[in-house]
Amino acid sequence: MAPRRILLAVTGGIAAYKIPELVRVLRRADHRVRCALTAEAQRFVSPLVLQTLSGELVRQDLFDPGEENEIDHIGLADWAELVIVAPATANTLAKICHGLADDLVTAVILACRAPVLVAPAMNVNMWQNVATQANLAQLHERGVLSVGPEAGDLACGWEGLGRMSEPKDIAAAAELLLGPETLSGETVLVTAGGTAEPIDAVRSITNRSSGKMGFAVAEEAARRGAEVRLIAGVSALPTPAGVRRTDVQTAFEMREAVLAELPDASVVVKAAAVADFRPAEPETRKIKKESLTTHDRLTLSLVANPDILTEVCAQKGNRIVVGFAAESHDVVEAARRKIDRKGCDLLVANDISRADAGFNVDTNAVFFVSPSGEVEEIPLLSKRAVAAEILDRVEKLRQEQV
Ligand code: PMT
């Protein structure tokens, strides 16, 4: 990728000690990096270190006449092609969300028109606080992207979500953001997550899909400039930036939402784990267990759900349709049979017997199977990278149509 101008805004958290490494990773990729620090950030990382590694003047104070003379803060905002806020504290996220500009970092961000990537880092309880989550959700809605945080031991002594992502992962997210908009003009319809089929008023049949794979496809498609409609089943994930989301529960609701969006869609990616069967007669009230003893059996009668992918393929037209296959054995052979049956342009088969692939993990290892039965093996990658591979194939299929 051609060198780009990246403004690294550093705020006051212990994770700031990793920022020199981030500067090195970005510089190694030939990007120009300028750093702006809050007063609190300077307690955790030395401006001199960042200046030495970046080879650029480090800005530290909004009202310093010398610094303003060298690069004024509006000039800095205009210079940046991308802003990375790392570590992004809960306080800074709140200030960016509410448009405050009471220090150098927030003033520059308010004046900046470039995309913003935040790498949150904080105590797990601060992260889970509804205020922080609401601020981040609003920022996502406005197009701010985020990477992390990760789970693990936190400097404060707690364990959980709150660790800043590793510098190489932040740099990878930045590279993705800076990439070209190769799907502009396309409307990509993505399904993600599992469906939940009610048994009674409180119980349902569902599966282990977290939505991570489908959300990664939606996020990457939006990054590539597509209009993205995401139909999400059961998933606790935040909506990726620039994506319009509809939440559903059952396979029937998913079918309805997909068919409603289909006329506008030029690409469909069906990563959702849709229940093949549902209870034939769900109880509207809770089934009481009082009358059952330990050895009693309760028989649940199931009926087949509609196959949404097959219905979409039946009205494919010029659309490019990508299906998934979750297989526990004979992965490739089962995928070949599935693409024949369903009629999509590409089938992404994952081996769900692997601990590092398939359901509810951050990585995936997949096979791409074409309608003619050709197979391409993709090694273990992050789900975001798998999403990029899928969309590369979608772009290739579109080019072949022209
Ligand atoms: O959400 P994650 O935790 O990240 O996990 C990702 C994943 C494992 C769920 C994902 O990578 C995946 O494999 N999704 C498809 C799971 C699935 O339902 O596979 P299947 O082989 O049963 O279905 C084949 C295809 O038909 C899928 O595209 C599915 O969306 C679709 N289908 C299935 C049944 C149905 N009634 N309607 C459908 O449209």
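Note that ligands are numbered from 1 as they come in the structure, with each ligand's atoms numbered from 1 the same way.
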Exercise: do [X] and [Y] side chains pair donor with acceptor under 3.5 Å:
X	Y	result
D103	T106	yes
S204	E197	no
S146	H140	yes

Quiz prompt | side chain to side chain contact (heavy atoms under 4.5 Å, CB included) partners for N123, two or more places apart | solution =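 Applying side chain to side chain contact (heavy atoms under 4.5 Å, CB included) to N123 gives N125, M126, C156, W158.
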Tabulating one pair per line, provide the atom names and distances (0.1 Å) for every N/O atom of ligand 1 that is less than 3.5 Å from a protein N/O atom.
from	atom 1	to	atom 2	distance (Å)
ligand 1	1 (O)	S209	OG	2.6
ligand 1	1 (O)	S210	N	3.2
ligand 1	1 (O)	G211	N	2.7
ligand 1	3 (O)	S210	N	2.7
ligand 1	3 (O)	S210	OG	2.6
ligand 1	3 (O)	N360	N	2.6
ligand 1	4 (O)	K212	N	3.3
ligand 1	4 (O)	M213	N	2.8
ligand 1	4 (O)	K383	NZ	2.7
ligand 1	5 (O)	G358	O	3.4
ligand 1	11 (O)	N350	OD1	2.6
ligand 1	13 (O)	N350	OD1	3.4
ligand 1	13 (O)	N350	ND2	2.9
ligand 1	14 (N)	A271	O	2.9
ligand 1	19 (O)	A326	N	3.4
ligand 1	21 (O)	A326	N	3.3
ligand 1	21 (O)	K338	NZ	2.4
ligand 1	26 (O)	K342	NZ	2.9
ligand 1	28 (O)	K270	O	2.7
ligand 1	28 (O)	F324	N	2.9
ligand 1	28 (O)	F324	O	3.3
ligand 1	30 (O)	K270	O	3.4
ligand 1	30 (O)	K270	NZ	3.3
ligand 1	30 (O)	A272	O	2.7
ligand 1	36 (N)	P306	O	2.9
ligand 1	37 (N)	I308	N	3.1
ligand 1	39 (O)	K270	NZ	2.8
ligand 1	39 (O)	I308	N	3.3
ligand 1	39 (O)	L309	N	2.8

Quiz item: Applying side-chain hydrogen bond (donor to acceptor under 3.5 Å, both in side chains), which residue pairs with at least one partner in residues 16-25 are found, sequence neighbours left out?
Solution: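 Those involving residues 16-25 are K18-E166.
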Quiz prompt | Pairs where residues 275-299 contributes a residue and the test salt bridge (charged side-chain N to carboxylate O under 4.0 Å, His left out) is met, not counting sequence neighbours | solution =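 For residues 275-299: none.
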